[in-house]
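Report on the structure given below.
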Amino acid sequence: MNHRFAVATTVVLLLVVGSVSAEAAVPCESLIRLALPDGTVTTAESVAAGGFVPPVTPGRTITAGARDALAKLPAFCRVAITSKPSADSDIKIEVWLPVVAWNGKLQA
């Protein structure tokens, strides 16, 4: 049940963003106001090309290969959602939506 809800929430988000034409694109930050059943958008932020800095666990470092891969990322909209379809659930979902040249496919 929870897995299906998480997938459904992600699909709703993608449909909202993907159904808008490029000329009238929804600004990334406005997704924070998106109303989801049993869920809340907790973060909606634009990330510049090569600008993503992941959280680092204390005592660990980012490898040179990972740093190079992050530097090559295109610009994207980073959206985090907390989903609570039942009283005992707290599902964290994060979706990165390309700013340009999205092929419309979802990989999860």
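No experiment lies behind these values; they were computed from the predicted model shown. Residues: numbered from 1 along the sequence shown.
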* Structure fact -> Interatomic distance, CG@Asp68 vs OG1@Thr63, rounded to 0.5 Å, equals 8.5 Å

* Would you give the length of the straight line joining atom OG of Ser89 to atom CG of Asp38, rounded to the nearest 0.5 angstrom? => 8.0 Å

* To do: Examine Leu36 and Leu97 and state if one hydrophobic cluster contains both, with Ile, Leu, Val, Met, Phe, Trp and Tyr joined whenever side-chain heavy atoms are less than 4.5 Å apart.
  => yes

* Are Val99 and Val95 co-members of a hydrophobic cluster defined by side-chain heavy atoms under 4.5 Å apart? -> no

* To do: Measure the NZ-CD1 distance between Lys84 and Ile91 for me, rounded to the nearest 0.5 Å.
  => 10.5 Å

* Hey, does Cys77 have a side-chain heavy atom less than 4.5 Å from the side chain of Leu31? -> yes

Quiz: residues 40-62 side-chain donor-acceptor pairs under 3.5 angstrom, not counting sequence neighbours:
| from | atom 1 | to | atom 2 | distance (Å) |
| --- | --- | --- | --- | --- |
| Thr42 | OG1 | Ala80 | O | 3.2 |
| Glu45 | OE2 | Arg78 | NH1 | 3.0 |
| Ser46 | OG | Glu29 | OE1 | 3.4 |
| Ser46 | OG | Glu29 | OE2 | 3.0 |

* Smallest separation among heavy atoms of Glu94 and Trp96, with atom names -> OE2-NE1, 2.7 Å

